[in-house]
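Report on one structure; see the data block that follows.
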2 protein chains.
Amino acid sequence: MRLDREQIVAAALRLLDEVGVDGLTMRVLADALKIQAPSLYWHFKNKQSLLEAMADALIAPVARAVPPGSWAEQVSFIAWELRAALRSRRDGARVFAGTFSINDNVIRTADHLIGVLMAAGLPRQKAAWGALTVTYFVLGFTIEEQGAYEPGGSEGVALAARREEFTRFIGDRYPHVAACIPDIFDGDQDARFRLGLEMQVAGLKVLSSAS
Amino acid sequence: MRLDREQIVAAALRLLDEVGVDGLTMRVLADALKIQAPSLYWHFKNKQSLLEAMADALIAPVARAVPPGSWAEQVSFIAWELRAALRSRRDGARVFAGTFSINDNVIRTADHLIGVLMAAGLPRQKAAWGALTVTYFVLGFTIEEQGAYEPGGSEGVALAARREEFTRFIGDRYPHVAACIPDIFDGDQDARFRLGLEMQVAGLKVLSSAS
DNA sequence: ACCTGAACACCGTTCAAGT
DNA sequence: ACCTGAACACCGTTCAAGT
């Protein structure tokens, strides 16, 4: 009957899908757990550390087992897994980005990434920095991707409204952006991610050949 | 004597350097302006729209005049300008990332970027998506860069403490990360940015040759 | 060991009223 | 047109007290 940290984190992640990160307050979470808000402070020293535990749980599945293949395939595999993990909950990417936390799961992911790049022949520093760069890409992409669709339940409507406002704002002052509106708004997110990821991998390749 | 939006935004940006984005409340801002908090709502419909105006002002200098050069040089120029603009205020990158706002300055930057890439021969969709990818990199990099140094005035100490905690946490379980600690913590930020940016440009190059 | 009740010091925001 | 005073419905967090 008594709660432990694991159950609280699980409930918090479930709630995240319902209310989003801005709606996830200590009182709302306590209500869902049928306890009082101050009780949460017995398990977590503050809200930030609860969010860190949530971020940790969120990316727990990432880079557990990387299948054999070229280094480019392995980097891509981890990047796809990371995006999938962040997308698995509403506002997942924002929750993760908000915690600069050092936890097992994030380190394991970094370790895999750096290891793959070093095995590919990158010098240590370039492997480390290259791994960080790929991670920033995945995180930035996913934050934006989740931000575009989220505000309220009726996603399609909100997106259409945003597109119209955007089109009106552009007018004819910014011809390049205007021409790209279909790409920005209809774009297949998976295809867009694939292209961005190809850019990162190509960049890593150049880093390795320039040694 | 009476205030307008411009003066409020300027004061808010000044305050940002003192108190950070988490300390920038409507009451604190009102105090600095020697008015009462509710008065701010005559000028801005809510805090979000004030933050959007701040983000707009923050990147106003970006991509105003792009010097002649190869497309790779021009993309790099804009990326360096964007990072500099975000870094010009404490938490600048977080303020910017928090507003998914459509404003003149952000569109002008995107328009320049897409225009340069299309002139370089990229098809429209790849130019649009490539421009977004570069932007995510700059934003992600700068958020992390500012996050590492900020918590409280005594930056050097906080960083050293973080490094020690990090080293202890890693132990010998993650050899690749352990070997990279100097790169992650001593790293020259400009050099790291340069490398990440080179990756983006190399990726764009591959996109254009693969057409 | 785990939880409650009451309280503190804040938030963003609304709104009638002032000048 | 611009600002104030008072208030509302919240926050995160502390702390003594309960079981």
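Every chain is numbered from 1, with letters handed out A, B, ... down the list of sequences.
Every ring pair (Phe, Tyr, Trp, His ring centres under 6.0 Å) that B/Phe193 has, sequence neighbours left out, goes to B/Trp80, B/Phe137, B/Phe141. With sequence neighbours excluded, no residue forms a ring pair (Phe, Tyr, Trp, His ring centres under 6.0 Å) with B/Phe169.
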Protein heavy-atom contacts under 4.0 Å, written 5' to 3' over nucleotides 14-19 of chain D as B (base), S (sugar-phosphate only) or - (none), form the string BB----

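A donor and an acceptor atom, one from each side chain of B/Asn103 and B/Arg108, are nowhere located under 3.5 Å apart.
For the pair A/Asp17 and A/Arg89, the salt-bridge criterion is met [side-chain N within less than 4.0 Å of a carboxylate O].
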For DNA chain D, what dot-bracket results from Watson-Crick or G-U pairs at under 3.5 Å, with [ ] for crossers and | for inter-strand partners? ||.|||||...|||||.||

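A residue-by-residue look at A/Gln36 and B/Gln48 shows that A/Gln36 has its nearest nucleotide of DNA chain C further toward the 5' end.
Relative to the side chain of B/Lys47, the nucleotides C/dC3, C/dT4, C/dT13 differ in distance, and C/dT13 lies closest.
Although no hydrogens or angles enter the test, the distance criterion places no donor-acceptor pair under 3.5 Å between the side chain of B/Glu52 and the main chain of B/Phe100. Side-chain atoms of A/Arg5 come within 3.5 Å of backbone atoms of A/His43 as a donor-acceptor pair (strictly under, hydrogens ignored).
Looking at residues 25-34 of chain A, you'll see A/Thr25, A/Met26, A/Arg27 sit with a heavy atom under 4.0 Å from some atom of DNA chain D.
Residue A/Leu15 comes nearest to A/Leu29 through the heavy atom pair CD1-CA, 3.6 Å, listed as atom of the first residue, atom of the second, then distance. Between B/Val19 and B/Arg90 the shortest heavy-atom distance is C-NH2, 3.6 Å.
The side chain to side chain donor-acceptor pair (under 3.5 Å) pairs that include a residue from residues 129-140 of chain B are A/Glu144-B/Tyr136, A/Arg192-B/Tyr136, where partners are two or more places apart or lie in different chains.
One finds no side-chain N or O of B/His43 lying less than 4.0 angstrom from the OP1 or OP2 phosphate oxygen of D/dA1.
The nearest whole Å value for the distance from the CH2 atom in A/Trp42 to the C1' atom in C/dA1 is 5 Å.
Looking only at side-chain heavy atoms (C-beta outward), B/His112 and B/Gln74 stay at 4.5 Å or farther from each other.
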